[in-house]
Amino acid sequence: MLSPWVRLAAALFAVSWGANQFAPMQLVYREHLGLGNGAFTAMLASYVVGLVPALLYFGRVSDRFGRRAVIRPMIPVGIVSSLVLIAGAAVPDLLYLGRVLAGLASGMAFGAGTAWMKELSSTAPAGAGARRAAVSLSAGFGCGALFAGVIAQWLPAPELLPYLVHVALMVGALALVWAVPDVRVRATDLTAKPLSVLATPQFRWGIAPWAPWVFGVATVSFAILPPLVSESLRSTSVAFTGLIAALTLITGAVIQPWAKRWSQQDDAAAGVRVGIALGVLGFGAATVVAYTDGALSVAAIVVAAFLLGSCYGILLGSGLASVEKLAPADELAQTVAVFYCLIYIGFAVPFVISLLAPHLGYATCFVGAALLMLLSVAVGRRVKDRHLTPT
C-alpha cells in the first residue's frame, strides 16, 4: 500500500500538471484562434487571479479545519478548469476563465498540500517535507507541459486531448488522496491576525525580495524563448515548446538534493546565491537566442532552459525550507501560501517582456531582468544585515 505522503504527492503532481499544461499551447492557439503573444501571456498570467486569493484564504482554512478539508474539494475544481479550457476552443474568452479556475485549484492545493506534506513527513529527516512537495510540484509542472506539447503536436484534437489527460489524472488523484489522514491538531482561533513570520527580517529581506524570480525565470524560459525560434522549427514547434517547459521544470525537480544541501548550511542564503547566479547565466544564454538564429539559437534555448530551471528549482527548494523553519505549526500553511503568492508574481515577467520587447528588443529585456535579479538579492541582503546588526 502506498504511504500517505506518496498519495498526497500524486495529488500535488496532478494539480501542478494542470497548472502548466497550458504552457505549450501558445502555437496551437496562434494557428487555430489567431492569438498573439500578448493575449497568450495575459492568459498565462490570468492564472494568478485565481491563485493568489485561494492561497491566502484556503491556507487559513486548512490551518483551522485541516488539510483534507481543502485538498478534497480542490480536485473537482481542477477538473472543471480543464473542461472550461476545452470549451475555450469554441469561445476563446473562456480560456481566461479556465486559467483562473486552474489558479484557484492550485491555490487550494499548494499551501495546504505543502503543509500537509511536512506533517506526513514528520518521521523523515528535517526538510524532507519541503523537498517532497517541491519535487512533486516541479515534476507535475514539467510533465504537464511536456505531454501536452507532445499530444498537441502529434495526436488529433490538440485543443481537446491534452486536457482530457489531465481530467483522468485528477480523477485518479481523488481516489488516492481521499483517505489520507489529517495528522495535525487544528487551530481553535478563527480570529484573523498578522502572521508572525512576516514581521521577521529573515522573511521580509531574506526571502521576499527575490521570491518573484522563482517563477519569473521559469515562465520566461517556456513562454518567451520557444516562440523566438518557431519559424526555424515549424512542424515541431509545439512539441519543442513543451520540451523546453519540461526541461525547465523537471530540472527544477532533479536539482532538489543540491538545494537541500545548501539550505542546511550555516549560511542559509548559500542556495539563494547559487540560484541567482544560475539565473543570471540563464538570461545570458537567452540574450544569445535574441542575437542568433537557426541551430545555434535552438541550442542556446536548451542551455537557457537548463540554467533557468536550475535557478527555479534551487530558489523554490531553499525558499520552502526556509519558510518551514521560520513558521510555527499553526501558521505553516498560511505562511507557505504567502510565499507562493510572492513567487507567482513572477508570472507577470513574460507579460512585461512581451510588452517591452517590441520597443527595447529581447536582448535588452533579458539583460535588464538579470540586473534586477542581482539587485533583489543585494538590496535584500544589505537591509537584512542592517536589521540583524546589534546596536
Side-chain angles (χ1 to χ4, degrees), residues 2 5-25 44 47-48 50-51 54-55 67 70-71 74-79 81-82 85 98-99 101-117 120 129-152 162-177 180 214-215 218-219 221-223 241-256 259 305 309 312-313 315-317 320 336 340 343-344 346-347:
L2 295 176
W5 77 264
V6 174
R7 287 183 279 153
L8 174 60
L12 295 180
F13 175 86
V15 71
S16 57
W17 177 300
N20 245 35
Q21 63 184 339
F22 193 74
M25 300 296 286
L44 198 67
Y47 170 87
V48 180
L51 177 93
L55 278 168
R67 317 307 184 194
V70 172
I71 298 299
M74 170 275 297
I75 293 179
V77 174
I79 291 172
S81 73
S82 279
L85 288 171
R99 289 293 292 164
L101 290 172
L104 174 60
S106 296
M108 295 173 72
F110 292 168
T114 300
W116 201 4
M117 186 67 80
L120 293 172
R131 189 171 68 258
R132 288 168 176 174
V135 169
S136 303
L137 293 170
S138 297
F141 290 141
C143 289
L146 175 61
F147 285 97
V150 169
I151 292 168
Y163 302 124
L164 289 181
V165 171
H166 176 244
V167 169
L169 283 173
M170 293 298 280
V171 171
L174 182 61
L176 285 173
V177 82
V180 174
V214 175
F215 276 119
T219 51
S221 179
F222 59 73
T241 302
L243 176 63
I244 292 302
L247 176 61
T248 303
L249 297 162
I250 292 175
T251 298
V254 171
I255 207 167
Q256 289 303 318
Y312 150 78
L315 294 183
L316 177 62
L320 286 175
V336 169
Y340 274 113
I343 69 177
Y344 269 102
F347 259 64

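All residue numbers refer to positions in the sequence shown, counting from 1.
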[X] vs [Y] side-chain heavy atoms within contact, under 4.5 Å:
X    : Y    : result
V336 : F110 : no
L85  : Q21  : yes
F222 : F141 : no

Looking only at non-hydrogen atoms, find the nearest pair between [X] and [Y] and report the distance.
X    : Y    : answer
A218 : L249 : CB-CD2, 4.2 Å
L12  : A109 : CD2-O, 3.9 Å
V70  : M108 : CG1-O, 3.1 Å
A148 : P24  : CB-CG, 3.8 Å
G142 : I250 : CA-CG1, 3.9 Å
R7   : L2   : NE-O, 3.4 Å

Out of curiosity, [X] [atom1] to [Y] [atom2], how far, rounded to the nearest 0.5 Å?
X    : Y    : atom1 : atom2 : result
T219 : N20  : OG1   : CG    : 9.5 Å
L315 : L320 : CG    : CG    : 11.0 Å
Y312 : I255 : OH    : CD1   : 12.0 Å
L104 : M74  : CG    : CE    : 10.5 Å

Can any side-chain N or O of S16 pair as donor or acceptor with the backbone N or O of F13 at less than 3.5 Å?
yes
Is the backbone of A19 close enough, under 3.5 Å, to the side chain of R99 for a donor and an acceptor to pair up by distance?
yes
Please list, chain by chain and in numerical order, all residues satisfying side chain to side chain donor-acceptor pair (under 3.5 Å) with S221, sequence neighbours excluded.
T248
Anything under 3.5 Å between a donor and an acceptor, one on a side chain of residues 164-177, the other on a protein residue two or more places apart or in another chain? List them.
residue : atom : partner : partner atom : Å
H166    : ND1  : S82     : OG           : 2.7
H166    : NE2  : A14     : O            : 3.1

Non-neighbouring partners of I343 that pass side-chain contact (heavy atoms from CB on, under 4.5 Å), sequence neighbours left out:
A211, V214, F215, L316, F339, Y340
Can you tell me how the ring of Y47 sits relative to the ring of Y344, calling it parallel under 30°, perpendicular over 60° and tilted otherwise?
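The arrangement is tilted - the two ring planes meet at 30° to 60°.
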